Chemist: 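A single structure is presented below for examination.
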Amino acid sequence: MSLALLCGRKRCTGPGMAAASQRVLVFPSSSELGPALARFIAVRAQESCGSERARFTLGLSGGSLVSMLSRDLPAVPGLDCRKWLLGFCDERLVPFQDPESSYGLYKTSLLPKISVRESQVLAINPSLPVEEAAEDYATKLREAFPGEEIPVFDLLLLGMGPDGHTCSLFPEHPLLEESEKLVAGLKDSPKPPPQRVTLTVPVLNAARCVAFVTTGGSKAAVLKRVLEGKEAPALPAARVLPSPGELLWFLDESAAGSLTLSVERPTCAAAL
Ligand SMILES: O=C1O[C@H](COP(=O)(O)O)[C@@H](O)[C@H](O)[C@H]1O
C-alpha cells in the first residue's frame, strides 16, 4: 500500500489518542451517496446476521440522515430486516409526534417501508425527566446487549453539524468527557430542542463500525478541521475513533471541497 493511501486511511489524533482505521469516501452528490450508503448498510447487516451474533444492531442519528435513509434504504433489493435491532445515537426529548423527534420521523417515513416492528426499536421514553430518560435508555441498552460492559453496535450512523457536533455532543460541553455513563442527558443543547439524550463517546468508540454521513458546503470548513486539524481540545466529531472498529466517512463533493487528504471516489457499482 502506498504511503499516500496509508495516510488517507489512518488518522493521528494527538497525544494520548489512538489512531483509527479510517476510509473517506466521496460521492458526486447525495443522490449517489444515499444509495451507496444504503447498499453498505444492507451488506453489513447481511454479514452480521450471518455471523454467530445472528442479528444486526444499528444506531441511527437524526437530522438530514432521516430523509436520506427513508428514501434510499427501502430501495435496496431484497432487504431483510427481520433480525435488525435499531437504537438511537441521540434523541431529542420531545413526544414522538413532535417533528423534532427522530424516532417519530423514522416511525412514519422509514420503518413501515422496511417492515421493522416497534419491538425491534430501542427508543427513549420522552415522558420522563431528561436524566431519568437517559438512565432508562441505558437500562434498555444493557438488557439488549447482555454481558457487554459497553454495548458494541454493529454499525452506528452519525451526522455532524457545522459546529463539529455529533449525536448531542457539542463543542466544549462537559459531556464530552463523560466516561462512566453509557447515555447522558443534557438540558442545555445549543441547537434546539434543548433537552436531549445522547450516547457518550466511549459507546461510540466501542462500535464495530461507525459511519459519518456529511453532505453540503456548510460542513466543508469544519470537516477539514475534524479530519486534518490537530486541535486541542478536539471537536466532538474528531473524538470518534472506534478501536478496534472501523471508521468511514460518507461525503459529497461539496462537503469534501476543502480536504487535501487522500480520499476514495467509489464508482456506483463498487462494493464498499
Ligand atoms: O441535532 C442533531 O444534529 C446532528 C447533525 O444533523 P445534520 O442535519 O446536520 O445531519 C444529527 O446527527 C443528530 O442526530 C441530531 O440530533
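For ligands, and for the atoms within them, numbers begin at 1 and follow the listed sequence. Position 1 is the first residue of the sequence; numbering continues from there. On a predicted model such as this, the values are computed, not experimentally measured, just so you know.
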Chemist: From the options I150, L182, V183, select the one residue that forms a side-chain contact (heavy atoms from CB on, under 4.5 Å) with R142.
Modeler: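 Exactly one option meets the side-chain contact (heavy atoms from CB on, under 4.5 Å) with R142, and it is L182.
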Chemist: Taking only heavy atoms of R196, which atoms of ligand 1 are found under 4.0 Å from at least one of them?
Modeler: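 Under 4.0 Å from R196, ligand 1 has these atoms: 1 (O), 2 (C), 16 (O).
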Chemist: If you measure from the Lys or Arg side-chain nitrogens to the Asp or Glu carboxylate oxygens, is any gap between E100 and R196 under 4.0 Å?
Modeler: no
Chemist: Looking only at heavy atoms of E91, does any of them come nearer than 4.0 Å to an atom of ligand 1?
Modeler: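 For ligand 1, residue contact (heavy atoms, under 4.0 Å) with E91 is absent.
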Chemist: Can we call the ring centroids of F212 and F250 under 6.0 Å apart?
Modeler: no
Chemist: Short list, please: which atoms of ligand 1 are under 4.0 Å from a heavy atom of S61?
Modeler: 12 (O), 14 (O)
Chemist: Relative to atom 13 (C) of ligand 1, which among T198, D90, L60, T166 owns the nearest non-hydrogen atom?
Modeler: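 Ranked by closest heavy atom to atom 13 (C) of ligand 1, first place is D90.
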Chemist: Which heavy atom of the protein is the closest neighbour of atom 11 (C) of ligand 1, given with residue, atom name and distance?
Modeler: G62 O, 3.9 Å
Chemist: Salt bridge (charged side-chain N to carboxylate O under 4.0 Å, His left out) with R55: which residues, sequence neighbours excluded?
Modeler: none
Chemist: How would you list, by chain and number, every residue that makes a salt bridge (charged side-chain N to carboxylate O under 4.0 Å, His left out) with D98, sequence neighbours excluded?
Modeler: none
Chemist: Any N or O of K219 that comes nearer than 3.5 Å to an N or O of ligand 1?
Modeler: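 N/O-N/O distance below 3.5 Å exists for this pair.
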Chemist: Would you mind finding which of G63, S64, A237 brings a heavy atom closest to atom 10 (O) of ligand 1?
Modeler: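 Among G63, S64, A237, the closest heavy atom to atom 10 (O) of ligand 1 belongs to S64.
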Chemist: Hey, is the main chain of G159 close enough, under 3.5 Å, to the side chain of T166 for a donor-acceptor pair?
Modeler: yes
Chemist: Give the residue, atom name and distance (to 0.1 Å) of the protein heavy atom nearest atom 15 (C) of ligand 1.
Modeler: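 Here the closest protein heavy atom is R92 NH2, 3.4 Å.
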Chemist: With a 4.0 Å cut-off on N to O distance, would you call E253 and R265 a salt bridge?
Modeler: yes
Chemist: Among all the protein's non-hydrogen atoms, which is closest to atom 4 (C) of ligand 1, and how far away is it?
Modeler: H165 NE2, 3.4 Å
